[in-house]
Amino acid sequence: MKNPEIASIFFKMADILEMQNVQWKPVAYRKAARAIGELSEDVEEIYKKGGLKALKEIPGVGINIANKIAEFIENGKVREYEKLKKSIPAGLSSLLEVPGLGPKKAMLLYKKLKIKNVQDLEKAALEHRISKLPLFREKTEENILKGLDIYKKGRERVLLAYAMPIAEEIKTALEKKAERVEIAGSLRRMRDTVKDIDILAVSSKPLEVIQIFVSLPFVKSVIAKGETKSSVLLSNSMQADLRVVPLKSFGAAMQYFTGSKDHNIELRKIAIAKGLKLSEYGLFRKERQVAGKTEEEVYNALGLSYIEPELRENTGEIEAALKGKLPLLVSVADIKGDLHCHSAYSDGDNTIEEMALAAKKRGYEYICISDHSKSEHIANGLSEQMLFKKIEEVKRVNKKLKGIRVLCGSEVNILEDGSLDYSDEILKKLDVVVASVHSKFRMPKEEITARLVKAISNPYVHILGHPTSRHFGKREEMGIDMEALMNAAKKYNVALEINSAPARMDLRDAYVKKAVEKGVKISVNTDAHSTDELKFMEYGIGVARRGWCSKNDVINTYSLKEFMKFLKK
DNA sequence: GCCGTTTTCGGCCCGACTGTTTTCAGTCG
């Protein structure tokens with residue numbers, strides 16, 4: 001899949017053009033780069049099937065960018081990019097990654113002090129050469145050093161599940177003073193990874209709320225502190241932003257602060273077309289506020305039905321809202337069971353009975369204990385003999401417990417040739433079979449696709465576990481022909497899993513959306529290895545919602561009776 | 001460079017904070 005590479009080229013082109021003070025093109029390149037990066041289809045496939053015309057269908061891609069994509073696919077190079085790279089020293093655009101430095105200042109530093117990279121920048125700042133420049137006094141030099149500190153630590157995206165508890169903690173602290181506090185930004189949109197924490201508060205005394213915010217024990221330094229907003233750097237190197245607004249602006253501020261940026265820009269364009277102005281303070285006709293207290297009010301006043309935060313990515317939700325055709329999204333409350341969990345039989349921490357009781361406590365009707373299969377030695381995969389023992393144990397627990405049904409399953413390894421590591425005779429004895437890849441992740445696209453299709457064509461397989469096997473910070477997703485895989489999933493009536501483990505979140509949102517469009521069933525599971533991890537369901541449901549899933553698309557919203565029908569195929 | 005129920009040319013979201021210099025540019029979200 002060349003999408004990330006192509007997106008990265010356009011981002012870099014945007015940076016260079018911005019340094020050269022070129023107007024608007026950077027905006028256009030970044031927009032196209034984002035669209036390509038989030039795409040579920042492989043641009044190479046799009047081009048091979050439909051040529052330039054098909055490429056132009058991608059939002060933000062016009063004829064010029066389409067030509068550049070084609071050029072990259074054909075020749076592995078974009079001439080315009082090669083030319084741009086030569087126009088400025090390599091490394092200069094890395095200055096843009098230093099917080100506080102933008103294209104104007106970076107270019108000035110290059111012209112006046114011959115600063116070509118971050119090393120030069122640090123040296124110049126330490127030698128106090130920067131503060132001697134016009135427009136750059138002592139404060140700016142100090143801020144550059146602070147910015148370099150942040151740059152060096154790397155402002156990488158962190159897992160949703162890592163950031164959420166910190167956001168909750170900030171929220172709780174601010175609630176002592178503010179009338180209302182909400183988590184906004186990409187956290188509220190449930191993106192699988194986030195860069196910072198955005199908090200919105202309602203208060204008539206904003207300064208007092210901001211004071212609490214900047215004084216939190218885990219705040220390392222204050223980046224900005226004004227009368228309505230403040231930004232801080234946390235001790236874990238994440239940035240947190242707080243915005244404080246009056247009650248009458250709460251909805252508009254929530255809308256603004258939730259994003260995404262592209263979604264907001266589209267909304268503001270709609271407002272302009274209607275002779276209105278949308279900002280975080282409300283929707284205005286001239287001076288008069290026509291909406292803003294609630295988000296519903298803002299969307300409705302723009303002629304749209306309310307759009308759930310998870311959908312706000314400018315990927316078709318605005319058009320759907322205009323027509324009133326948004327899906328009714330699945331929610332955690334709809335979930336009747338978890339179909340992929342581990343017990344102490346393989347590599348889990350808890351007994352089957354403990355897992356079952358924890359599931360009951362969550363209000364589930366059923367839970368499937370799917371321990372690893374025999375070839376997964378590292379995770380204590382079950383031999384046939386142990387599997388028989390486990391089947392008896394499940395029977396015992398079901399006799400003992402009321403109000404929860406334990407299903408006996410297995411997470412069966414998909415071997416290199418697409419066969420499974422238990423025979424059909426064994427699989428037949430299980431309630432639920434989840435088939436997953438745990439080895440040989442790097443295979444040519446055709447081979448990996450054939451391998452997965454063969455696995456799910458097995459009549460005893462119900463769910464394809466973590467379909468792409470991506471793992472944040474460890475492993476890229478396998479290069480699968482998604483179109484072919486989804487067609488096969490539909491044909492064999494196999495559900496694709498959304499694995500809610502925070503470092504997986506696999507299948508990802510864009511693929512889920514595509515699967516739902518095709519009528520492929522989804523199963524949202526936690527892959528819990530302890531009772532505590534059953535809570536990850538919240539994150540998997542976030543992915544499902546971002547993928548436009550309704551309740552009916554998700555098999556584990558079925559009642560036990562309906563679900564048993566699905567299992568028979 | 002993209003895009004079009006006010007445009008195929010002329011627009012391109014809106015506002016806060018900071019640092020510098022006295023009214024604003026640059027940066028950020």
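Numbers restart at 1 for each chain; the letters A, B, ... are given by sequence-line order, proteins then strands. Quantities reported herein were computed from a predicted structural model and do not represent experimental measurements. What you see below is based on every heavy atom in this structure, not just the backbone, and it leaves out hydrogens, waters and symmetry mates.
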Of the options [options], whose atoms approach the side-chain atoms of [X] most closely?
X: A224(A); options: dC2(B), dG15(B), dT18(B); result: dT18(B)
X: I65(A); options: dT20(B), dG15(B), dG1(B); result: dG1(B)
X: A28(A); options: dG1(B), dT18(B), dG15(B); result: dG1(B)
X: K68(A); options: dA16(B), dG1(B), dG29(B); result: dG1(B)
X: K229(A); options: dT27(B), dG1(B), dC17(B); result: dC17(B)

If you measure from the [atom1] atom in [N] to the same atom in [M], how many Å do you get, rounded?
N: dT27(B); M: dT20(B); atom1: P; value: 13 Å
N: dG26(B); M: dT21(B); atom1: C1'; value: 14 Å
N: dG11(B); M: dT6(B); atom1: C1'; value: 12 Å
N: dT7(B); M: dC12(B); atom1: P; value: 16 Å
N: dC9(B); M: dC14(B); atom1: C1'; value: 24 Å
N: dG4(B); M: dC13(B); atom1: P; value: 14 Å

For a quick check of understanding: with a heavy-atom distance under 4.0 Å over all strands, which category does [X] fall into, base, sugar-phosphate or nothing?
X: E266(A); value: nothing
X: V61(A); value: sugar-phosphate
X: I63(A); value: sugar-phosphate
X: K105(A); value: sugar-phosphate
X: P26(A); value: nothing
X: Y281(A); value: sugar-phosphate

Legend entry - CA sep, side-chain torsions, deciding dist, call: E45(A), K48(A), salt bridge (Lys or Arg N to Asp or Glu O under 4.0 Å): CA-CA 5 Å; E45(A) 302 276 324; K48(A) 284 190 173 148; over 6 Å; no
Say whether [X] and [Y], considering side chains only, have a donor N or O and an acceptor N or O under 3.5 Å apart.
X: D15(A); Y: Y29(A); answer: no
X: R157(A); Y: T193(A); answer: yes
X: N3(A); Y: E38(A); answer: no
X: R188(A); Y: T258(A); answer: yes

Between the protein and nucleotides 9-13 of chain B, which nitrogen or oxygen pairs are less than 3.5 angstrom apart?
from, atom 1, to, atom 2, distance (Å)
dC12(B), N4, W24(A), NE1, 3.0
dC13(B), O2, R268(A), NH1, 2.4
dC13(B), N4, K261(A), NZ, 3.3

Legend entry - Under 3.5 Å donor-acceptor, S8(A) side chain and P4(A) backbone: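 Answer holds: no.
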Using atom [atom1] of [X] as one end and atom [atom2] of [N] as the other, report the distance to the nearest whole Å.
X: I199(A); N: dG29(B); atom1: CD1; atom2: P; answer: 16 Å
X: I223(A); N: dG19(B); atom1: CD1; atom2: P; answer: 12 Å
X: K31(A); N: dC2(B); atom1: NZ; atom2: P; answer: 11 Å
X: L84(A); N: dG1(B); atom1: CG; atom2: P; answer: 10 Å
X: E80(A); N: dG1(B); atom1: CD; atom2: P; answer: 6 Å
X: I144(A); N: dT27(B); atom1: CD1; atom2: P; answer: 10 Å
X: L242(A); N: dA16(B); atom1: CG; atom2: C1'; answer: 13 Å
X: F257(A); N: dC14(B); atom1: CZ; atom2: P; answer: 19 Å

Inset, instruction - If dC14(B) has a Watson-Crick or G-U wobble mate with both distances under 3.5 Å, name it; if not, just say none. - result: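 Checking every strand shown, dC14(B) finds its partner in dG29(B), with both distances under 3.5 Å.
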Inset, instruction - Determine the interplanar angle of the H263(A) and Y299(A) rings, folded into 0 to 90°, and report it as parallel if under 30°, tilted if 30 to 60°, perpendicular if over 60°. - result: tilted
Inset, instruction - List the atom of G60(A), the atom of A32(A), and the distance in Å for their closest heavy-atom pair. - result: O-CB, 3.6 Å
Legend entry - Heavy-atom pair of closest approach, residues P103(A) and L96(A):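 Residues P103(A) and L96(A), closest heavy atoms: N-CD2, 3.4 Å.
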Legend entry - Of G62(A) and P103(A), the one whose closest DNA chain B nucleotide lies more 5':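 Closest to the 5' end, via its nearest nucleotide, is G62(A).
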Inset, instruction - Between D198(A) and L276(A), name the one whose nearest nucleotide on DNA chain B is closer to the 5' end. - result: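 Final value for this comparison: L276(A).
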Inset, instruction - Please determine if a side-chain N or O atom of T228(A) lies less than 4.0 Å away from the OP1 or OP2 oxygen of dG15(B). - result: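 Result: no.
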Inset, instruction - Kindly say if N143(A) contacts the phosphate of dT18(B), meaning a side-chain N or O under 4.0 Å from OP1 or OP2. - result: no
Legend entry - Rounded distance [0.5 Å steps], NZ in K83(A) versus CD1 in I16(A): 12.5 Å
Inset, instruction - Could you tell me the separation between the OG atom of S249(A) and the CZ atom of R243(A), rounded to the nearest 0.5 Å? - result: 9.5 Å
Inset, instruction - Check each residue of residues 116-132 of chain A for a non-hydrogen atom within less than 4.0 Å of any atom in DNA chain B, then write out the ones that pass by number, or none. - result: none
Inset, instruction - List for me each residue that meets salt bridge (charged side-chain N to carboxylate O under 4.0 Å, His left out) alongside K77(A), sequence neighbours excluded, and say none if there are none. - result: none
